Amino acid sequence: MSKTTRVRFAPSPTGFLHIGGARTALFNWLFAKATGGKFLLRIEDTDTERSEERFTKDIFESLQWLGLHWDEEPVYQSARFDRYQSIAAGLMAKGEAYRCRCTSAELDAIRAECTKQKRPFRYPGTCREKGITDPGAVIRVRVPRTGETGFTDLIRGPISFKNQDLDDWVILRGNQSPTYNFSVVVDDHDLAITHVLRGEDHINNTPKQILLYRTLGYEVPEFAHLPMILGPDRSKLSKRHGAASTLEYRGMGFLPIALINFLARLGWSHGDQEIFTLNELQAAFSLEHIGKANAVFGIDKLNWMGGKMMELVPQGELFDYLGRYFSVETQFLKDYPKPTVEAGIGIIQGKVKNVLDLIEQLGCLFGEDPVFNRAALKEAEVPSVKEILEGAVAELEGSDFSKGDLESRLRAYAAKKQIKLTPVAQAVRFGVTGGKVSPGLFEMLELQGKERVLRRIALAVEALKS
RNA sequence: GUCCCCAUAGUCUAGAGGCCUAGGACAACUCCCUUUCACGGAGUAGACACGGGUUCGAAUCCCGUUGGGGACACCA
């Protein structure tokens with residue numbers, strides 16, 4: 001039996017957690033769940049210039065909102081500089097690394113020359129044999145000039161690079177802080193990570209890291225590089241493509257399970273199945289069914305998924321969710337008993353695509369009386385709507401306001417007037433909501449209750465008088 | 001430019017040599033249901049990038065071309 005799998009999500013707090021990062025986190029989390037392993041979180045804040053506290057908070061909050069809970073205390077790289085420095089010192093002592101005093105101006109000159117010769121920039125090894133001891137100089141690791149370094153990607157199969165295309169890269173900066181490729185190796189080893197699942201943009205970093213694992217005598221973990229998520233223009237997802245941060249989707253009213261389903265199906269598949277519960281996802285997830293090709297983020301399908309989930313999530317959960325994340329927006333529900341609000345959610349949830357729409361509809365049911373405006377109707381409709389409403393009042397006054405009774409009365413009323421139910425229903429709908437769209441009429445009326453309905457109709461009639 | 005990865009409809013994808021006259025989903029369109037809007041139901045249209053191989057047989061394997069993406073930092 002192989003050892004327990006340990007995976008990690010390792011974002012850098014230099015920006016909000018974007019949707020691509022969220023999916024990387026999700027896949028790691030699912031992989032951990034599917035294999036009975038651990039999911040860890042590591043904050044890669046070695047770049048003290050660009051890292052910000054608020055971004056770390058955003059990452060935590062995004063993952064918590066999605067329900068991707070991590071199993072151990074988060075690790076901050078900024079708290080481990082001593083560790084990286086001592087590993088670097090060990091490398092120096094073994095002659096595997098050396099100090100370099102090339103200035104950025106010198107490096108830029110080389111870079112410019114390379115560009116001119118249409119070659120990629122590679123550090124030429126200027127300081128390799130100089131034996132520099134200046135403690136403020138950067139430290140570079142020695143990379144073999146010949147041979148190749150390869151690995152078997154769990155998603156893509158064998159990938160290999162010629163060592164001559166690599167170079168002696170910097171592991172410790174002038175201020176003795178570690179660079180990404182260095183701290184990743186040390187941390188993944190220290191955390192006993194068994195599988196590294198990350199974006200495809202890291203494939204090129206992998207050989208450098210593997211070489212370092214070997215010179216450090218560390219066991220090399222398995223790697224799986226996920227395809228990227230692209231914007232509608234097929235370029236890397238960025239702010240230009242609308243929502244940049246994961247939490248913005250919460251603000252747009254998407255349920256976390258909707259985003260999770262959508263993200264899971266972006267690059268991964270399970271036959272023809274589109275809708276999954278969290279448990280189903282955890283059980284079905286496997287690396288073999290992750291595709292290799294990049295995927296375009298299409299909001300249409302997310303919207304559809306959003307609607308599906310609004311329908312599937314139980315009323316009680318939606319009620320709690322509103323209280324948790326939209327308490328300000330749903331202040332107007334405060335005085336209603338939970339069962340009443342849940343009943344309201346029940347008649348709306350199948351018709352809306354997201355939480356924002358749900359709140360709006362709940363507002364029609366439980367909020368303040370709408371502002372009735374005759375401009376909401378075609379001018380030609382006004383007289384008949386007004387007349388139907390005036391007549392309907394008498395019918396409704398005698399009702400016990402159960403939806404069955406309401407329906408039979410309004411149908412009878414329409415029959416008496418020798419018109420179809422449609423105009424009656426539309427008139428009453430306007431009279432109660434001020435608009436033309438609502439949940440099912442009779443159940444809505446029942447939920448509103450007699451007093452409120454009659455009051456609103458009176459207001460509507462008043463508004464229609466010219 | 002160099003290196004790496006990728007390539008089924010507008011989009012997400014199924015497909016591991018014959019089960020494919022290529023399946024599902026979103027979006028589009030048509031019709032049905034209907035008290036509105038949705039939902040739901042029934043349909044229509046739409047794809048294996050191209051060229052060579054290998055094979056009795058290729059969407060599936062190999063090579064090339066083209067196209068797309070990514071990486072080329074004292075960012076991660």
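Just so we're clear, the structure is a prediction, and the values are computed from it rather than from any experiment. Letters A, B, ... are given to chains in the order of the sequence lines, protein chains preceding strands, and every chain is numbered from 1.
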Nearest heavy-atom approach of A/Phe60 to A/Pro74 is CZ-CG, 4.1 Å

So what does A/His202 hit on the nucleic acid, given a heavy-atom distance under 4.0 Å: a base, only sugar-phosphate, or nothing? base

Watson-Crick or G-U wobble partner for B/U2, using a 3.5 Å limit on both distances? B/A71

Pick base, sugar-phosphate or nothing for A/Asn303, based on heavy-atom distances below 4.0 Å to the nucleic acid. nothing

Give a yes or no on whether a donor-acceptor pair under 3.5 Å exists between the nucleobase atoms of B/C12, that is its base, and the side chain of A/Lys301. yes

Of the candidates B/C3, B/A71, B/C6, the side chain of A/Arg156 sits closest to B/C6

How would you label the contact of A/Arg140 with the nucleic acid (heavy atoms, under 4.0 Å): base, sugar-phosphate, or nothing? sugar-phosphate

Rounded to the nearest angstrom, tell me the gap between atom CG in A/Asn205 and atom P in B/A76. 11 Å

Between B/C48 and B/A42, how far apart are the C1' atoms? Round to whole Å, please. 28 Å

Quick one, A/Arg456 and A/Phe372 - any side-chain contact, counting heavy atoms below 4.5 Å? yes

Between B/A25, B/G15, B/A71, spot the one nearest the side chain of A/Asn204, thanks. B/A71

Checking ring pair (Phe, Tyr, Trp, His ring centres under 6.0 Å) for the pair A/Tyr249/A/Phe262: CA distance, chi angles, key distance, verdict? CA-CA 12 Å; A/Tyr249 290 91; A/Phe262 174 73; 8.5 Å; no

Measuring only between side-chain heavy atoms, which start at C-beta, is A/Thr14 closer than 4.5 Å to A/Glu52? no

Rounded distance in Å - CZ (A/Phe223) to P (B/G70): 22 Å

In Watson-Crick or G-U wobble terms, both distances under 3.5 Å, what is the partner of B/U54? none

Mind checking A/Gly435 for me? I need base, sugar-phosphate or nothing, with any heavy atom below 4.0 Å counting as a touch. nothing

Classify A/Glu44 by what it touches in the nucleic acid, base, sugar-phosphate, or nothing, heavy-atom distance under 4.0 Å. sugar-phosphate

Would you say the side-chain atoms of A/Ser402 and A/Asp400 include a donor-acceptor pair closer than 3.5 Å? yes

Has A/Arg198 got a side-chain N or O lying under 4.0 Å from the OP1 or OP2 atom of B/A76? no

If the P atom of B/A45 is compared with that of B/A22, how far apart are they to the nearest Å? 12 Å

Verify the contact: side-chain N or O of A/Arg122 to OP1 or OP2 of B/U2, cut-off strictly under 4.0 Å; return yes or no. no

NA contact type, A/Val138, heavy-atom cut-off 4.0 Å: base, sugar-phosphate, or nothing? base

If I take atom CE in residue A/Met228 and atom C1' in nucleotide B/A7, what distance separates them, rounded to the nearest angstrom? 17 Å

If the threshold is 4.0 Å, N to carboxylate O, is there a salt bridge linking A/Glu381 and A/Lys436? yes

Report, one pair per line, the protein and nucleotides 37-43 of chain B atoms (nitrogen or oxygen only) whose separation is under 3.5 Å.
from	atom 1	to	atom 2	distance (Å)
B/C37	O2	A/Lys351	NZ	2.7
B/C37	N3	A/Lys351	NZ	2.2
B/A38	O2'	A/Lys351	O	3.2
B/G40	OP1	A/Lys308	NZ	2.8

Contacts of A/Leu172 and A/Gly267 projected onto RNA chain B by closest heavy atom; the upstream (5') one is A/Gly267

What interatomic distance, in whole Å, is found between C1' of B/U65 and the corresponding atom of B/C6? 15 Å

Taking only side-chain nitrogens and oxygens of A/Ser269, does any of them come within less than 4.0 Å of OP1 or OP2 of B/A14? yes

Select one nucleotide: of B/A76, B/C6, B/C74, the one nearest the side-chain heavy atoms of A/Lys292. B/C6

Is there a side-chain contact between A/Arg198 and A/Phe223 in this structure, where contact means two heavy atoms from C-beta onward sitting under 4.5 Å apart? yes

Between A/Trp169 and A/Tyr123, is the ring centre distance below 6.0 Å? no

Whether A/Arg111 contacts B/A73 is assessed here as follows: a side-chain N or O lying under 4.0 Å from the phosphate OP1 or OP2. Is that the case? yes

Which of residues 398-421 of chain A sit near RNA chain B, with a heavy atom under 4.0 Å from it? A/Arg411, A/Leu421

B/G46 and B/G10: how far apart are their P atoms, nearest whole angstrom? 11 Å

Nearest-nucleotide pick for A/Phe161, side chain only, options being B/G69, B/C3, B/G23: B/C3

What about A/Glu200, does its side chain sit under 3.5 Å from the base of B/G70 through a donor-acceptor pair? no

Taking the six-membered ring for Trp, are A/His202 and A/Tyr180 closer than 6.0 Å centroid to centroid? yes

In whole Å, I'd like the distance from the CG atom of A/Leu226 to the P atom of B/U13. 12 Å

Spacing of A/Phe121 atom CZ relative to B/C74 atom C1', expressed in whole Å: 11 Å

So among A/Leu287, A/Thr24, A/Ile290, which one has a side chain to side chain contact (heavy atoms under 4.5 Å, CB included) with A/Leu197? A/Leu287

For the C1' atoms, the ones on B/U21 and on B/A25, what distance do you get once it is rounded to whole angstrom? 22 Å

Separation of atom CD1 in A/Ile299 from atom C1' in B/C12, rounded to whole Å: 13 Å

Taking the C1' atom in each of B/C74 and B/G70, what is the distance between them to the nearest angstrom? 23 Å

Quick one: A/Trp268 CH2 to B/G15 C1', roughly how many Å, whole number? 16 Å

Tell me whether the side-chain N or O atoms of A/Arg429 pair up with the base of B/U35 as donor and acceptor below 3.5 Å, since no angle test is needed here. yes

pair_partner(B/A25), Watson-Crick or wobble, both distances < 3.5 Å, evaluates to B/U11

Is A/Glu311 paired with A/Lys351 through a side-chain N to carboxylate O contact shorter than 4.0 Å? no

My understanding is that a pair needs two contacts under 3.5 Å, Watson-Crick or G-U wobble. By that rule, which nucleotide pairs with B/A16? none

Nearest to the side chain of A/Ala295, which nucleotide is it out of B/U13, B/U35, B/G1? B/U13

Using the C1' atom as the point on both nucleotides, what is the distance between B/C56 and B/G17, in whole Å? 12 Å

Return no unless some side-chain N or O of A/Lys208 is found under 4.0 Å from OP1 or OP2 of B/A71. no

By the 4.0 Å heavy-atom rule, please label A/Leu441 as base, sugar-phosphate, or nothing. base

Would the distance check show the side chain of A/Gln176 and the main-chain N or O of A/Gly174 forming a donor-acceptor pair, the cut-off being under 3.5 Å? yes

Mind calculating the distance between CZ (A/Phe276) and P (B/C12) to the nearest angstrom? 17 Å

Using purine N1 to pyrimidine N3 plus N6-O4 or O6-N4 for Watson-Crick, or N1-O2 and O6-N3 for G-U wobble, both under 3.5 Å, which nucleotide pairs with B/C33? none

Determine the contact category for A/Ser160: base if any of its heavy atoms lies under 4.0 Å from a base atom, sugar-phosphate if only primed atoms, P, OP1 or OP2 are that close, otherwise nothing. sugar-phosphate

Which whole number of Å gives the distance between the C1' atom of B/A47 and that of B/C4? 28 Å

Suppose we screen for side-chain contact (heavy atoms from CB on, under 4.5 Å). Which residues come up paired with A/Asn373, at least two apart in sequence or across chains? A/Ala375

Should A/Ile229 and A/Leu266 count as side-chain neighbours, where that means a heavy-atom distance under 4.5 Å? yes

